[in-house]
Protein chains: 2
Amino acid sequence: MTLPAAELVTAIESVTRLMKQLSQGTGMSLTAAGVLSTLDRLGPHRLTELAASENVSQPAMTQLISRLGDAGLVERVADDADRRAVQLHITDAGRAQLAYRRRVKTERLEELLSGLDPKHHEALTAAIPAINALTDQAGALS
Amino acid sequence: MTLPAAELVTAIESVTRLMKQLSQGTGMSLTAAGVLSTLDRLGPHRLTELAASENVSQPAMTQLISRLGDAGLVERVADDADRRAVQLHITDAGRAQLAYRRRVKTERLEELLSGLDPKHHEALTAAIPAINALTDQAGALS
DNA sequence: TATTGTTATACTCTATAACTATA
DNA sequence: TATAGTTATAGAGTATAACAATA
């Protein structure tokens with residue numbers, strides 16, 4: 001069987017637009033949300049690691065971490081083993097912000113799902129492990 | 001059965017990050033690519049329609065269309081029926097640019113898919129119609 | 001009056017280059 | 001020398017407010 005990579009690319013494009021719509025007005029960039037999500041799911045990381053996982057430059061991540069730090073959503077912790085490095089931790093406020101954003105998106109998605117044929121629900125549910133496997137392939141922190 | 005909206009939100013977040021990675025270095029913003037894709041798939045549209053479909057403000061779309069016009073990727077065509085409005089058309093160069101971007105993303109995705117279990121392939125293939133149905137729900141132009 | 005689109009202005013997010021401090 | 005991170009600078013992309021032209 002041929003892999004439907006081209007059709008899948010189109011679907012991914014659509015999903016990305018959907019994501020943008022679900023996130024409207026939650027007051028956080030995609031990258032900022034990604035960083036908080038990574039720190040929440042996978043624990044503290046270095047700035048360089050976060051820059052790589054979000055596909056942005058190191059200076060961009062420095063600035064983002066400054067903003068998130070000013071907002072009290074992450075904390076910088078000195079690394080005793082390597083004094084050039086810092087470890088970034090998510091704070092309770094950061095977790096709360098992340099939870100709020102997820103709640104909004106989940107509600108909006110549920111609204112959309114409610115108008116969908118049950119067979120589509122099943123197909124989406126069945127695809128979740130495959131999506132996770134795919135994104136795991138894509139990057140160490142995914 | 002309960003709808004796994006929360007798990008689906010997480011999956012969508014991952015897919016969005018994947019999309020960003022697949023698009024690296026193709027020299028176009030997500031919104032710009034979305035506009036070209038819409039004009040390619042669904043034909044000419046008004047600026048206001050494009051702004052709504054990409055969830056950006058009207059001035060942001062004016063500026064984006066200027067950039068795309070300067071790059072020769074879209075053309076502005078006066079609307080004789082309503083002289084306030086313009087119709088935006090994709091050009092041959094726009095289609096070529098879009099095709100290039102799709103080709104890069106498809107190649108990168110195929111690379112990732114090749115490392116995946118066949119059962120995941122099947123699940124992803126089976127989910128494509130559901131994804132399209134979902135994104136159709138989300139917006140008229142999807 | 002309402003709608004289509006532009007102009008003016010300012011802020012966020014990003015990249016590249018040059019730098020400091022530590023390994 | 002190489003790596004972790006910052007500072008400086010500039011450009012892209014965005015929003016809100018105020019506007020002009022047409023419906």
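Labels below follow one simple rule: chain letters A, B, ... track the order of the sequence lines, proteins then strands, and each chain is numbered from 1. Worth knowing before you read on, the calculation uses all heavy atoms, side chains too, and leaves out hydrogens, waters and symmetry mates.
Protein atom CD of Gln24(A) is 11 Å distant from nucleotide atom C1' of dA15(D), rounded to whole Å. Spacing between atom CE of Met28(A) and atom P of dT14(D) amounts to 19 Å, rounded to whole angstrom units. Atom CD1 of Ile65(B) and atom P of dT14(D) are 11 Å apart (whole Å). Here the C1' atom of nucleotide dG5(D) and the NE2 atom of His45(A) are 17 Å apart, to the nearest Å. Per the geometry, CG belonging to Leu47(B) stands 13 Å off P belonging to dT14(D), to the nearest Å. As a whole-Å value, the separation of Gln58(A) CD from dT3(D) C1' is 9 Å. Between the C1' atom of dT22(D) and the CZ atom of Arg46(B) lies a distance of 11 Å, rounded to the nearest Å.
Here Thr62(A) does not reach the OP1 or OP2 of dT7(D): none of its side-chain N or O atoms lies under 4.0 Å away. For dG13(D), the OP1/OP2 oxygens have a side-chain nitrogen or oxygen of Arg67(B) closer than 4.0 Å.
The Pro59(B) side chain lies nearest to dA17(D) when the options are dA17(D), dA8(D), dT14(D).
Close approach of DNA chain C to chain A, defined as any atom under 4.0 Å from a non-hydrogen atom of the protein, starts and stops at dC13(C) to dA23(C).
With hydrogens and angles left out, the side-chain atoms of Lys20(A) and Thr16(B) include no donor and acceptor closer than 3.5 Å. Looking only at atom types and distance, the side chain of Arg102(B) has a donor-acceptor partner in the side chain of Ser37(B) under 3.5 Å away.
Closest-nucleotide positions on DNA chain C for Gln63(A) and Ala81(A) were compared, and the one nearer the 5' end corresponds to Gln63(A). Toward the 5' end of DNA chain D, the nearer of the two residues Lys20(A) and Ser66(A), judged by each one's closest nucleotide, is Ser66(A). With DNA chain C read from its 5' end, the first of the two nearest nucleotides for Thr48(B) and Arg84(A) is the one closest to Thr48(B).
A donor-acceptor pair is defined here as one N or O able to donate and one able to accept, closer than 3.5 Å; such a pair exists between the side chain of Thr91(A) and the backbone of Gly72(A). With hydrogens and angles ignored, the 3.5 Å screen pairs a side-chain donor or acceptor of Arg108(B) with a backbone N or O of Leu22(B). In terms of modelled atom types and a separation under 3.5 Å, the side chain of Glu49(A) and the main chain of Arg46(A) share a donor-acceptor contact.
Evaluation of atom-type donor-acceptor distances gives no pair under 3.5 Å for the side chain of Arg83(B) against the base of dT22(D).
Nucleic acid contact for Asp82(B): sugar-phosphate only, since backbone atoms but no base atoms lie under 4.0 Å from a heavy atom of the residue. Ser57(B) comes within contact range of at least one nucleobase, with a heavy-atom separation under 4.0 Å.
Looking at Arg84(A) and Asp79(A), no side-chain N of the basic residue comes within less than 4.0 Å of a carboxylate O on the acidic one, giving no salt bridge. Asp92(B) has a carboxylate O that lies under 4.0 Å from a charged side-chain N of Arg95(B), or vice versa, which qualifies the two as a salt bridge.
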